[in-house]
Amino acid sequence: ISNLHSLYRNDTMMTPEQIDLALERILPRVTKPGRYTGGEYNQIRKNWDDIDFKVALAFPDIYDLGMSNLGLMIFYDIINKHRNLLAERVYSPWTDMEEIMRERGIPLYALESKHAIRDFDMLAITLPYEQLFTNALNLMDLAGMPIRSEERDTSYPLVIAGGHACYNPEPMAPFIDVFVIGEGEEAILKIIGVMRAARHLDRETQLRYVAQIEGCYVPRFYDVTYHADGTVQAITPNVPEAPAKVLKTIVAQMPPPVTDFIIPFVELVHNRAPIEIMRGCTRGCRFCHAGMVTRPVRERPVAEVLQAMEDILESTGYEEIALLSLSSSDYTHVLELTEKIGQRFGHLGLNISLPSLRIETVSTQLMDNLGDGRHNGFTLAPEAATEKMRQTINKYVSDADLLETAREIYRRDWRTIKLYFMIGHPMEDLEDVQAIIDLSKAVLAEGRKFHGKKAGVNVGVSTFIPKPHTPFQWEPMDETEKIYEKLSLLKNQMHTQGLRLRWNNPRESLFEGYLSRGDRRVAEVVGRAWRNGAKFD
């Protein structure tokens, strides 16, 4: 990998005009050039010279994935509502585009203004999952920046990171200046305020001020000691400004929903407009990271959701609206909401998706209210198929409840049900895996009563990964050989017509487990993997 930052240390950074000219020459040579042009409908373009503080919002994956990320769009909306602030977007270029950029010395740039990322005051990286760690390093290098925090002074943007993969920030500790632990809508504005006031100071002093903001973790201000066996003994602050314990930051009230979504130039993975109807979960599934760290529960009023839908349809023309939460059917007003959506928007033929439905709270009335989305299938996540495993993971749904729900779904003319299970739970054996097969076939049998051979059950199986801040955080992962044995059992017995099985690669789950629970020594592995070419893994 060429070290672009060494090239750019000598004030040779390309101007926006030079980048624009270079793009005219190279975009015809890359796949999906619409990923790199900017200029989409609803993008926000401000006069660069009139802005006091500039933020580059980065999602370290391709445009097709990153444009679907609601978190990035929330920050884009919040920051750009301030007259003296600016936020622009940047995503990881695909390998063909990256090769040409490195070959021609084109730095990573923001889509709106074509300014190089080095021109910004802050680079805010979203890290929703651990597999993006090496992509984040690659993104910084393409921007002409050293990847290690200690090598970046005030001539570089402040690098902050947030997202669910940052609740254990240690595997990325040497690379990021500041981690925002928790919900960043208020924290990012506080960081911007501090940096604006302290822009004349050196980076070390700036970070001392930022470390005092709730939820902000500055890794360089903490020392780690180890026991003789290599386990962590203590993590202690080395400056007085750093708190002994960094507590997550939360927003008391959900921010206003984003309605002016940017209309992409290429097909996205999720081509829909999302509205977050509820944040947090009270269920307490012992494996679920998101359910544990996003507490407490906060709900958006029905009237606000309906108005957001009106605004989205007016400003975007999307034909699918996703009502997002960790447990959509636990939203207190879900029946009222879906009924009013049908009354107000039913004539438009919209597709309303309500992911994360819980079997025990899916009512017949809710199914009727969602009737127009039948072509997409109905998704349920029992996670386990025996009494023992349901008690273990604290997600109890009886077979009778699941089959009754399936029966009512098929009765209302849905032909496909998607079931999600997890294998590798603590104390699981092959009998528990066999129960997944038996239960999936029983659900299919219910479908055939109504639709014959046209009925289908799609079964998704993932591998349990112990996540930080969950009751299972110190549980061992199941041995890889045992996971392959369990997958073999599933594949051999799910050849029935109408059953379709999908599964995660167990080795990828193992790598995610390393990154989820690793300490800052794992950062050397991440850095070495990136230097050896690991990205988009």
Side-chain angles (χ1 to χ4, degrees), residues 1-4 7-8 14 16-43 45 56-73 76 88-118 123 125-145 261-274 316-320 502 504-505 508 529-537:
I1 287 177
S2 61
N3 289 313
L4 288 177
L7 174 66
Y8 298 137
M14 294 176 73
E17 294 75 21
Q18 291 171 323
I19 291 174
D20 249 334
L21 185 61
L23 290 176
E24 287 186 22
R25 296 169 179 162
I26 67 174
L27 288 185
R29 298 171 49 191
V30 302
T31 56
K32 296 187 180 180
R35 292 167 169 165
Y36 312 110
T37 61
E40 309 100 322
Y41 185 71
N42 282 340
Q43 77 162 26
R45 177 81 184 272
L57 297 172
F59 191 92
D61 211 323
I62 55 174
Y63 177 96
D64 320 37
L65 282 163
M67 276 285 287
S68 298
N69 183 261
L70 179 59
L72 188 142
M73 291 310 301
Y76 188 83
E88 299 187 357
R89 298 162 296 137
V90 59
Y91 305 98
S92 291
W94 188 239
T95 52
D96 57 349
M97 179 67 168
E98 178 186 342
E99 183 179 347
I100 296 175
M101 290 174 68
R102 290 190 182 279
E103 177 186 299
R104 303 200 175 190
I106 301 170
L108 197 66
Y109 58 90
L111 292 179
E112 279 77 4
S113 67
K114 304 302 186 297
H115 271 274
I117 302 305
R118 277 282 306 275
L123 173 62
I125 303 175
T126 297
L127 290 173
Y129 38 91
E130 292 83 2
Q131 292 90 329
L132 295 183
F133 285 171
T134 53
N135 274 27
L137 302 189
N138 200 53
L139 185 143
M140 284 189 276
D141 185 69
L142 276 171
M145 299 167 59
F261 288 99
I262 297 170
I263 308 303
F265 282 149
V266 301
E267 189 75 15
L268 302 185
V269 173
H270 296 297
N271 194 22
R272 64 193 187 190
T316 69
Y318 270 113
E319 296 178 354
E320 180 175 351
R502 295 175 182 245
N504 286 6
N505 184 327
E508 291 180 8
W530 168 70
R531 287 191 296 273
N532 287 339
K535 57 194 171 190
F536 297 114
D537 290 353

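All figures in this text were calculated on a predicted structure; none of them were measured in a lab.
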Item to check | Q131 vs D537, side-chain contact (heavy atoms from CB on, under 4.5 Å): CA-CA, chis, key distance, verdict | outcome: CA-CA 6 Å; Q131 292 90 329; D537 290 353; 5.9 Å; no
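- In Y41, the OH atom is not crowded: 12 or fewer heavy atoms of neighbouring residues, nucleotides or ligands sit closer than 6.0 Å.
- Remark: the D61 side chain and the S92 side chain contain no N/O donor-acceptor pair separated by less than 3.5 Å.
- Taking the side chain as every heavy atom from C-beta outward, L27 and M97 approach each other to under 4.5 Å.
- When all heavy atoms of P60 and N135 are compared, the closest pair comes out as O-ND2, 2.8 Å.
- Counting heavy atoms from C-beta outward, P274 and F261 have side chains that approach closer than 4.5 Å.
- Applying side-chain contact (heavy atoms from CB on, under 4.5 Å) to Y109 and the options D20, L142, V90, L23 leaves one that passes, L23.
- The side-chain heavy atoms of N271 and E319, taken from C-beta on, include no pair separated by under 4.5 Å.
- Between Y129 and F59, the ring planes are perpendicular. Angles over 60° get that label, and only those under 30° would be called parallel.
- Side-chain contact between D141 and R102 is present, with at least one heavy-atom pair separated by less than 4.5 Å.
- Within the 4.5 Å cutoff, no side-chain heavy atoms of Y91 are placed close to those of D64.
- Looking only at side-chain heavy atoms (C-beta outward), I263 and T316 come within less than 4.5 Å of each other.
- Closest approach of Y318 and A273 over heavy atoms only: CD1-CB, 3.6 Å.
- In this structure the side chain of W94 never reaches within 4.5 angstrom of the side chain of E99, judged on heavy atoms.
- Scanning both residues, L111 and R35, for their nearest heavy atoms gives CD2-O, 3.7 Å.
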Checklist entry - Does the side-chain contact (heavy atoms from CB on, under 4.5 Å) test come out yes or no for I106 and M14, once each step is laid out? => result CA-CA 7 Å; I106 301 170; M14 294 176 73; 4.1 Å; yes
Checklist entry - For I19 and L21, what are the C-alpha separation, side-chain angles and deciding distance, and is it a side-chain contact (heavy atoms from CB on, under 4.5 Å)? => result CA-CA 5 Å; I19 291 174; L21 185 61; over 6 Å; no
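- Between the side chain of K114 and the main chain of T37, a donor-acceptor pair closer than 3.5 Å is present.
- For W530 and F133, the ring centers are positioned 6.0 Å apart or more.
- The nearest pair of heavy atoms linking R89 to Y63 is NH1-CE1, 4.2 Å.
- I117 is not listed as a side-chain neighbour of M140, based on a closest heavy-atom distance of 4.5 Å or more.
- The nearest pair of heavy atoms linking R118 to G144 is NH1-O, 3.4 Å.
- Rounding to the nearest 0.5 Å places CE of M145 at 5.5 Å from CG of L123.
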Item to check | CA sep, side-chain torsions, deciding dist, call: Y76, E112, side-chain contact (heavy atoms from CB on, under 4.5 Å) | outcome: CA-CA 12 Å; Y76 188 83; E112 279 77 4; 2.8 Å; yes
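- Tested against P93 for a side-chain contact (heavy atoms from CB on, under 4.5 Å), the candidates L108, I100, L139 yield a single pass: L108.
- A pairwise comparison of heavy atoms in E88 and A110 identifies OE1-CB, 3.2 Å as the closest pair.
- One finds the CG atom of L72 at 5.0 Å from the OG1 atom of T126 (value rounded to the nearest 0.5 Å).
- Distance alone, capped at 3.5 Å, is enough to place a donor-acceptor pair between the Q43 side chain and the G39 backbone.
- No hydrogens or angles considered: a donor-acceptor pair under 3.5 Å links the side chains of N138 and E98.
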